[in-house]
Amino acid sequence: MALAHRRPASLLLLLAALSAATFLAAPAAATGKTGQVAVFWGRNKNEGTLREACDSGTYTIAIISFLDVFGHCTHHLDLSGHDVSRVGADIKHCQSKNILVFLSIGGFGRQYFMPSPRAAAAVADYLWNAFMLGTRKGVYRPFGDAYVDGIDFFIENGAPDNYDELARRLWNYNKAYRGRTPVQLTATPRCRFPDRKLERALATGLFTRIFVRFYDDPHCAANWQQEWDKWTAAFGTSAQIYFGLPASEKKVGYVHPKNLYYGIIPVVQKAANYGGIMVWERYDDKRTGYSSYAIQWA
């Protein structure tokens with residue numbers, strides 16, 4: 001029988017120390033599957049109601065789009081001809097199914113801007129009282145007593161000034177509440193990092209979800225992994241990063257479901273702050289059924 005050689009105690013301590021150091025130096029664990037799929041709703045009257053979208057079983061977040069006029073004491077909600085009076089009940093229905101509902105501000109128009117910190121304070125006050133838990137008299141609430149779970153920044157046009165101040169003003173409403181966050185902030189930037197329109201706002205660290213648009217840009221279609229790595233590295237685990245894709249095969253950046261499963265999902269789910277998949281938008285998704293694949297793999 002061979003005799004076992006005993007290692008000196010000093011060597012055992014060294015090995016233990018090296019093992020601990022290796023553990024501490026290990027990269028952050030991959031997130032893996034989250035089951036989270038966000039969708040933009042409100043871009044086409046023929047997409048069906050918000051209630052129908054939430055009943056599809058393929059979304060965990062619904063983003064109402066857009067509040068497309070603000071910043072100069074006037075406001076306008078563009079829901080592409082949907083009956084606004086029905087949306088409040090639909091919001092409550094979605095929330096009863098544990099689906100988060102956000103209101104997206106901005107969009108593709110050019111009638112919104114944030115000219116000063118004072119304007120940011122006024123817009124924050126309006127959003128809080130018109131769409132969230134605010135109760136100031138004299139403020140019209142388009143969705144009645146229903147309230148959204150937060151505000152999404154979709155700033156496509158105009159100067160980037162003062163959106164950071166808007167974010168801080170909105171977030172400050174949370175200070176009056178314990179154990180809940182009535183104002184959650186999300187953003188939907190273009191994929192080229194950084195998005196100059198939202199760079200200052202995102203630098204506040206107050207955004208918990210970032211829906212990056214990996215479409216409508218040939219550069220991103222060709223270099224999506226490079227841009228994805230930039231976004232995930234920039235925010236650590238302070239924000240969940242979603243991979244945004246179009247449901248329409250006609251858009252630049254469309255990814256066939258097979259390529260989503262075999263090509264993109266294995267890569268993005270390695271990130272510690274991977275959040276899920278964002279689908280643009282409900283009308284095209286209803287036609288193609290893209291989210292029915294995404295919800296299985298996200």
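All residue numbers refer to positions in the sequence shown, counting from 1.
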**Message:** If you define the side chain from C-beta out and look only at heavy atoms, does anything of Leu185 sit under 4.5 Å from Val183?
**Reply:** yes

**Prompt:** Any side-chain heavy-atom pair from Met132 and Leu127 closer than 4.5 angstrom?
**Reply:** yes

**Arg213 with Glu227: basic N within carboxylate O range, under 4.0 Å** = no

**Message:** Does any part of the side chain of Val123, heavy atoms only, come nearer than 4.5 Å to the side chain of Asp125, both counted from C-beta?
**Reply:** no

**Asked** What heavy-atom pair brings Tyr147 and Ile91 nearest, and what distance separates the two atoms?
**Response** O-CG2, 3.7 Å

**Aromatic plane relationship, Tyr112 with Phe70 - under 30° parallel, 30 to 60° tilted, over 60° perpendicular** = parallel

**Student check: side-chain heavy atoms of Val279 and Thr58 closer than 4.5 Å** = no

**Request:** Taking the six-membered ring for Trp and the full ring for Phe, Tyr or His, determine whether the centres of Phe131 and Phe143 are under 6.0 Å apart.
**Result:** yes

**Prompt:** Closest approach of Cys54 and Ala62, non-hydrogen atoms and distance?
**Reply:** SG-CB, 4.5 Å

**Request:** Specify the closest pair of heavy atoms between Phe211 and Pro189, including all atoms of both residues, with the distance to one decimal.
**Result:** O-CD, 3.4 Å

**Prompt:** Between Phe40 and Trp280, how do the two ring planes meet: parallel, tilted or perpendicular, split at 30° and 60°?
**Reply:** tilted

**Item:** Those residues that, when tested against Lys230, pass side-chain hydrogen bond (donor to acceptor under 3.5 Å, both in side chains) (two or more places apart)
**Value:** none

**Among Glu281, Arg43, Arg282, side-chain hydrogen bond (donor to acceptor under 3.5 Å, both in side chains) partner for Ser65** = Arg43

**Message:** Check whether Gln269 reaches the backbone of Pro266 with its side chain - one donor and one acceptor, N or O, closer than 3.5 Å.
**Reply:** no

**Item:** Side-chain heavy atoms of Glu165 within contact of Met114, under 4.5 Å
**Value:** no

**Request:** Could you note down all residue pairs passing salt bridge (Lys or Arg N to Asp or Glu O under 4.0 Å) where residues 96-121 supplies at least one of them, sequence neighbours left out?
**Result:** Asp55-Lys97

**Request:** Take Leu77 and Leu79 through the test side chain to side chain contact (heavy atoms under 4.5 Å, CB included) and record every step on the way to the result.
**Result:** CA-CA 6 Å; Leu77 184 66; Leu79 299 185; 4.0 Å; yes

**Message:** Enumerate the side-chain hydrogen bond (donor to acceptor under 3.5 Å, both in side chains) contacts for residues 29-38, please, sequence neighbours excluded, ordered by first and then second residue.
**Reply:** Gln36-Thr60

**Prompt:** Are Arg51 and Asp90 close enough for a salt bridge, meaning some N to O gap below 4.0 Å?
**Reply:** yes

**Asked** Quick one: are Thr186 and Ile210 in side-chain contact, heavy atoms under 4.5 Å?
**Response** no

**Asked** Quick one: does NZ or CZ of Arg190 land under 6.0 Å from the six-membered ring centre of Tyr215, within 45 degrees of the ring axis?
**Response** no

**Asked** Of the non-hydrogen atoms in Val101 and Cys94, which two are nearest, and what is the gap between them?
**Response** CG2-CB, 3.8 Å

**Message:** Checking the side chain of Asp164 only, and the main-chain atoms of Arg200 only, is there a donor and an acceptor separated by less than 3.5 Å?
**Reply:** no

**Item:** Distance-only side-chain donor-acceptor flag, His82 / Glu47, under 3.5 Å
**Value:** yes

**Message:** Determine whether the aromatic ring centres of residues Trp297 and Tyr261 are separated by less than 6.0 angstrom.
**Reply:** yes

**Prompt:** Does any N or O in the side chain of Tyr290 come within less than 3.5 Å of the main-chain N or O of Val255, such that one atom is a donor and the other an acceptor?
**Reply:** yes

**Request:** Report, as yes or no, whether the 6.0 Å neighbourhood of atom OH on Tyr283 holds more than 12 heavy atoms from other residues, nucleotides or ligands.
**Result:** no

**Asked** At their closest point, which heavy atom of Tyr274 faces which heavy atom of Val268, and how far apart are they?
**Response** CB-O, 3.3 Å

**Message:** Between Thr49 (side chain only) and Glu52 (backbone N and O only), is there a donor and an acceptor less than 3.5 Å apart?
**Reply:** yes

**Prompt:** Are any of the side-chain nitrogens in Asp145 or Arg141 under 4.0 Å away from the carboxylate oxygens of its partner?
**Reply:** no

**Message:** Contact between Arg136 and Trp128 at the side-chain level, heavy atoms closer than 4.5 Å - yes or no?
**Reply:** no

**Asked** Which heavy atom in Gly88 sits nearest to a heavy atom in Ala146, and how many Å separate them?
**Response** O-CB, 3.3 Å

**Request:** May I ask you to check whether Gln111 and Asp68 show a side-chain donor-acceptor distance below 3.5 Å?
**Result:** no

**Item:** N/O donor-acceptor pair under 3.5 Å between Asp217 side chain and Arg192 backbone
**Value:** no

**Message:** Please check this pair: side chain of Ser291 against backbone of Ala294, looking for a donor-acceptor N/O pair closer than 3.5 Å.
**Reply:** no

**Prompt:** Do Glu249 and His256 have side-chain heavy atoms sitting under 4.5 Å apart?
**Reply:** no

**Message:** Would Phe207 and Phe153 count as a ring pair (Phe, Tyr, Trp, His ring centres under 6.0 Å) here? Give the steps.
**Reply:** CA-CA 10 Å; Phe207 292 77; Phe153 286 41; 5.1 Å; yes

**Message:** Looking at Lys251 and Asp284, is there a salt bridge between them, counting it only when a charged N and a carboxylate O are closer than 4.0 Å?
**Reply:** no

